[in-house]
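Below, read A as the first sequence line, B as the second, and so on, with proteins coming before strands; counting in each chain starts at 1. The structure displayed is predicted, hence computed values, not measured ones.
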There are 2 protein chains.
Amino acid sequence: MALTDDAIAKIRSMIQSGELPPGTRLPPEPVLAAQMGLSRSGVREAVKVLESARVLDVRRGDGTYVTSLAPRLLLQGLGVAVELLRDDTLLEVMEVRRMLEPMATGLAALRMTDADLDELGQILADMRAAADDAEQLIRYDTAFHHTVVATTGNETLTSLLDGLSGRTLRARVWRGLIEGNAAHQTIEEHHTIYLALRARDQLLAQASALLHVNTSEAWLRTVLAAGSADE
Amino acid sequence: MALTDDAIAKIRSMIQSGELPPGTRLPPEPVLAAQMGLSRSGVREAVKVLESARVLDVRRGDGTYVTSLAPRLLLQGLGVAVELLRDDTLLEVMEVRRMLEPMATGLAALRMTDADLDELGQILADMRAAADDAEQLIRYDTAFHHTVVATTGNETLTSLLDGLSGRTLRARVWRGLIEGNAAHQTIEEHHTIYLALRARDQLLAQASALLHVNTSEAWLRTVLAAGSADE
DNA sequence: TCGACCATATTCGTCAGATGTATCCCGGCG
DNA sequence: CGCCGGGATACATCTGACGAATATGGTCGA
């Protein structure tokens, strides 16, 4: 295969070189096909790939545009990739989170505003109120960590961590937590992190986040062990 | 759009659920099209997307197979995503590397074998010998850090860091380094990391890696500043 | 003048069918 | 037993067509 992949590479390099800045509208598919020397089918495959990578935005009846190329978009693919990883590599993902999340949380302690803290306190309260609903817990857990990391102001970091803790992964951890009657303790870990953040204590925030990720990893281990034992 | 994206989601969920384990061969495109209720064109677009994500491996004349789903494959897309990030977000990437790379290097200090160290020493020697050739320097720089991180045994971590320090990013840093007559000093930073690793000193390895990433970030800043001044 | 409405052009979404070409597999031959 | 064709299989690409969603520009009425 060459034609379609060439087209992908060509479009990508035109974007990378700045020839097609964010927001640019591409020529209609038939024109693009003629320009790149292949049929419309080939162009469509190429465009579809770049659309799935959030590089292009295809609007039916309108045209195809270059996206903003924001990290939040381009790094979105990480999430779906992580979702497809095999079970035995999820622990590797956890090890990465173990490195990244404490650092990010520590950084957040320095940069967090009072408004951020209030928002976080609200999420924490919601989490406590939903202590019985796994679905809600996962949602608030996600919101909590996302909010913390987002206050670092680093969108790339936020997107990476969001991707690394995908929905499936979180769901498994919480399944273990709930079945192991450790949900309450874990909610308290969030409280500990919250207190450290409110105190603007970087080291304490870092340490409490590490402990928290460690708890998640431990419960993931039990879930994975139970899962492999079933087979 | 629904049909093609549905097909993508359908295939992906079949893989995620274990219905299509790694190595499985998919039905021929016409059959797949019939099964999923759309034309062959649509199936081809779906397959192409999953192929570009390294989820499927299409072999002409043979068939379409599910890949190993190894992190090294699935996280490969991160690299191309980073390549497309706009200049002003590259500093965010550097900030992430600044968190991750020292941690990884510190971990490597604990896990590195003598053979790994010898290989690293060789790369270092090569780097010194190529002090004038930017192209070679970039190659050896890449190899050096990849080798270090790879010894952590965490393929996910390795793939992430590989992706975060893409070719273009490295090339820019080295351009700055060379033009700023700082290449020699940077090579010595590698030597410092090497010594820490050989001493199996985790903290020292961590610290020297942080200094090194910091140097890279500083030179990236100058390159970016010079670039934006040109316009 | 301004806003709502409508017809039309544009553009992507999807399909059907056909041909080219790489690869695999198996049977025949030395 | 190993090498080598030739048919079968499967992807690669093209062509042409129709459907559906959207944008656009003009018209009409308040």
Check whether more than 12 heavy atoms from other residues, nucleotides or ligands sit under 6.0 Å from atom CG of A:Asp132, and answer yes or no. no
Rounded to whole Å, how long is the line connecting atom CG of B:Leu38 with atom C1' of D:dG19? 16 Å
Nearest-nucleotide pick for B:Ser39, side chain only, options being C:dC12, C:dA16, D:dC14: C:dA16
Base, sugar-phosphate, or nothing: which does A:Gly63 touch, judged by heavy atoms less than 4.0 Å apart? sugar-phosphate
Atom CG of B:Leu26 and atom C1' of D:dT9: how far apart are they, to the nearest Å? 16 Å
Measure distances between side-chain N and O atoms of A:Arg60 and base N and O atoms of D:dA23, and say whether any donor-acceptor pair falls under 3.5 Å. no
Look at B:Arg59 and C:dA22 and indicate whether a side-chain polar atom (N or O) is within less than 4.0 Å of OP1 or OP2. no
Fit a plane to each ring of A:His190 and A:Trp174, take the angle between them on a 0 to 90° scale, and name the class: parallel (under 30°), tilted (30 to 60°) or perpendicular (over 60°). parallel
A:Leu32 CG to C:dT10 C1': how many Å, rounded? 16 Å
Taking CG from A:Asp57 and P from C:dC12, how many angstroms apart are they, rounded to a whole number? 12 Å
Judged by each residue's nearest nucleotide on DNA chain C, which is more toward the 5′ side, B:Gly37 or A:Pro28? A:Pro28
Is there side-chain contact between A:Leu73 and A:Ser68, with at least one heavy-atom pair below 4.5 Å? yes
Mind running side-chain contact (heavy atoms from CB on, under 4.5 Å) on B:His145 and B:Asp162 for me, showing each step along the way? CA-CA 9 Å; B:His145 293 288; B:Asp162 280 351; over 6 Å; no
Check the distance between D:dA12's C1' and A:Asp6's CG and give it to me in whole angstrom. 13 Å
Nearest whole Å is fine: how far is C:dT14 C1' from B:Met36 CE? 15 Å
With side-chain contact (heavy atoms from CB on, under 4.5 Å) as the criterion, how do B:Arg25 and B:Asp62 come out once you've worked through the C-alpha distance, each side chain's angles and the decisive distance to 0.1 Å? CA-CA 10 Å; B:Arg25 175 182 174 155; B:Asp62 183 356; 3.8 Å; yes
Give a yes/no on whether any side-chain N or O of B:Arg44 is located under 4.0 angstrom from OP1 or OP2 of D:dA12. yes
B:Glu29 side chain: which of D:dT22, D:dC11, C:dT23 is closest? D:dC11
Reading DNA chain D from 5' onward, which residue's closest nucleotide shows up sooner: A:Gly61 or A:Ser41? A:Ser41
Atom pair distance, as rounded to whole Å: CD in A:Glu51 and C1' in C:dG13: 11 Å
Can a side chain N or O of B:Thr4 be found less than 4.0 Å away from OP1 or OP2 on C:dG13? no
Confirm from the modelled atom types if A:Arg40 and D:dG16 form a donor-acceptor pair under 3.5 Å, side chain to base only. no
For the pair made of CD in B:Glu45 and P in D:dT13, what is the distance, rounded to whole Å? 13 Å
